[in-house]
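Structure first, commentary second.
Below, read A as the first sequence line, B as the second, and so on, with proteins coming before strands; counting in each chain starts at 1. Only heavy atoms go into these numbers, but all of them, side chains included; no hydrogens, no water, no symmetry mates.
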There are 2 protein chains.
Amino acid sequence: MRDEKGMDVTPPRMERPHTGRRRNEAARRAILDAALRLLTESDGTPVTVDAIARAAGVGKQTVYRWWPSKGAVLLDALIDQAGQEVPSPETGSLRDDLHAFITATFDGAQRPPSAPALRALVREAAHDVHLAEMMRAFTATRRAALQDLLARGRDGGELPEDADLGLIIDQIYGVFWYRFLLGHAPLDHAAADRLTDSVLRGPVS
Amino acid sequence: MRDEKGMDVTPPRMERPHTGRRRNEAARRAILDAALRLLTESDGTPVTVDAIARAAGVGKQTVYRWWPSKGAVLLDALIDQAGQEVPSPETGSLRDDLHAFITATFDGAQRPPSAPALRALVREAAHDVHLAEMMRAFTATRRAALQDLLARGRDGGELPEDADLGLIIDQIYGVFWYRFLLGHAPLDHAAADRLTDSVLRGPVS
DNA sequence: CCTTGACGAGACTAACAGTCTCGGTACAAA
DNA sequence: TTTGTACCGAGACTGTTAGTCTCGTCAAGG
């Protein structure tokens with residue numbers, strides 16, 4: 001059994017309320033806070049579970065009792081901090097909705113402490129199948145939101161009937177991740193403006 | 001001193017030709033071949049240096065005598081196999097040149113044994129600063145080639161004078177890497193067609 | 001034939017993920 | 001109050017891997 005974040009929240013047993021000591025909420029918070037701090041301060045070297053446990057003043061087993069892997073802790077810490085959803089706006093204009101979506105995406109990833117933590121998380125995901133799958137699921141929900149937004153615009157006649165929405169989505173998230181991970185070009189508001197116009201109208205300025 | 005691949009080719013000493021036993025060319029080939037084979041057959045688990053050395057019938061120190069890190073061996077093996085350059089075509093039509101470039105890029109990464117090896121290499125680069133820098137340098141040359149192609153088209157009046165070439169490049173390589181690494185959508189010729197038209201003329205079909 | 005440096009083999013160190021165990025502690029039911 | 005259960009911090013332990021070091025050997029030249 002897993003909650004909306006993919007975390008394990010299976011109760012110890014069905015049909016028996018609970019016996020014994022309860023989960024220490026302070027320890028949970030300390031672990032998430034320590035994980036986020038280490039993720040944020042990571043200078044490229046991987047964040048270790050020992051370091052998280054030590055920084056949280058917690059035994060390593062307490063981490064593994066509540067999370068299935070290191071990646072799960074890191075992802076949970078980042079989601080916890082992100083405050084969740086970027087709302088999908090509905091202004092009635094495809095151009096405005098899309099521009100708001102792209103700007104929010106760029107801003108959300110750009111502002112500290114998200115940026116270094118997210119980069120560190122991607123590095124971890126490269127070697128952690130478990131974490132990679134969780135991130136794939138998380139990003140799929142964002143792609144779906146963008147798909148809805150574009151489909152509304154197409155139905156409203158602001159995009160050709162046979163427009164390739166999947167390609168537009170991949171152009172937007174492709175540019176985002178490519179620039180975010182390589183860091184060779186900015187993800188500022190000017191870039192969001194130009195990307196919005198480019199995917200809707202081509203390279204005309 | 002490094003050659004065009006970033007490999008260490010520093011001679012042992014200046015001003016002294018060479019004494020002692022020479023480098024075993026057969027061992028070099030065996031290492032590169034073994035590395036490529038393991039990279040190709042990798043099922044997601046990382047390729048280890050011990051495995052490369054064992055498969056090549058070579059001591060591990062022989063690997064580290066000629067390459068600075070595991071990542072360097074893997075990158076060298078892939079470059080060695082790629083046969084190098086995708087030529088930049090010049091048909092006189094921006095659309096045709098760009099389409100050829102994109103198709104060649106998609107095909108080059110797609111056909112085995114490149115695809116699994118390249119994906120494994122990206123995974124390694126996530127934890128290997130040395131390798132990440134080499135890959136950045138390698139991809140920068142491809143971006144530069146694409147930039148030249150687009151600049152020619154712009155100078156020929158096939159793109160607006162103030163078109164954002166950097167954004168077009170990032171849309172192309174962004175879509176490529178995003179789809180290549182996530183694998184949620186194909187990188188076939190149809191996709192190349194649509195991407196070419198999309199970056200040049202917007203979502204009209 | 002002697003010096004130099006590459007070679008195969010493999011021991012060794014240092015990290016790190018994840019498991020296991022221990023003595024102790026909170027909580028609730030009996 | 002007693003007793004059983006599950007969580008707690010601590011840290012030992014296993015297994016894997018990158019990279020280093022050392023050994024005895026082998027080839028190329030002076």
Between A:T103 and A:A100 (side chain of the first, backbone of the second, donor and acceptor by atom type, cut-off under 3.5 Å), is there such a pair?
no
Heavy atoms only, 4.0 Å cut-off, all strands: where does B:V63 land among base, sugar-phosphate and nothing?
nothing
Which whole-number value in Å describes the distance from B:H127 NE2 to C:dC16 P?
10 Å
Here the distance between atom C1' of C:dA15 and atom NZ of B:K70, to the nearest Å, is 14 Å
Tell me the interatomic distance from B:L131, atom CG, to D:dG19, atom C1', rounded to whole angstroms.
16 Å
Given C:dA17, is OP1 or OP2 found less than 4.0 Å from the side-chain N or O atoms of A:W67?
no
B:I31 CD1 - C:dA9 P separation (whole Å)
12 Å
Figure out the CZ/C1' separation between A:R28 and D:dC7, and round it to whole Å.
16 Å
Write down the atom of B:L200, the atom of A:P203, and the distance for their closest heavy-atom approach.
O-CD, 3.0 Å
Test for a donor-acceptor pair under 3.5 Å between the base of D:dC8 and the side chain of A:Q61, counting only N and O atoms.
no
Polar side-chain contact A:K60-D:dG11 base: donor and acceptor under 3.5 Å:
no
Presence of salt bridge, A:R29 and A:D80, under 4.0 angstrom
yes
Rounded to the nearest Å, what distance is computed from the CG atom of residue B:L74 to the C1' atom of nucleotide D:dT17?
14 Å
Is the terminal nitrogen or CZ of A:R23 (NZ for Lys, CZ for Arg) located under 6.0 angstrom from the six-membered ring centre of A:W67 and within 45° of that ring's axis?
yes
Please figure out whether B:E124 or A:N24 has its closest DNA chain D nucleotide nearer the 5' end.
A:N24
Would you say A:R23 reaches D:dA6's phosphate, i.e. side-chain N/O to OP1/OP2 under 4.0 Å?
no
Can you pull every protein N or O that's under 3.5 Å from an N or O on nucleotides 25-27 of chain C?
{"from": "C:dT25", "atom 1": "O2", "to": "A:R21", "atom 2": "NH1", "distance (Å)": "3.2"}

Quick one: does NZ or CZ of B:R22 land under 6.0 Å from the six-membered ring centre of B:W66, within 45 degrees of the ring axis?
no
Whole angstrom value for the distance that separates C1' of C:dT21 from CZ of A:R65
12 Å
What are the two closest non-hydrogen atoms of A:Q171 and B:S198, and how far apart are they?
OE1-OG, 2.9 Å
Only counting residues at least two apart or in another chain, list the ones meeting salt bridge (charged side-chain N to carboxylate O under 4.0 Å, His left out) with A:D50.
A:K60
Heavy atoms from C-beta onward define the side chain here; which of C:dA17, C:dG8, C:dC7 lies closest to that of A:Y64?
C:dA17
Rounded to whole Å, CH2 of B:W66 lies from P of D:dG19 at a distance of 18 Å
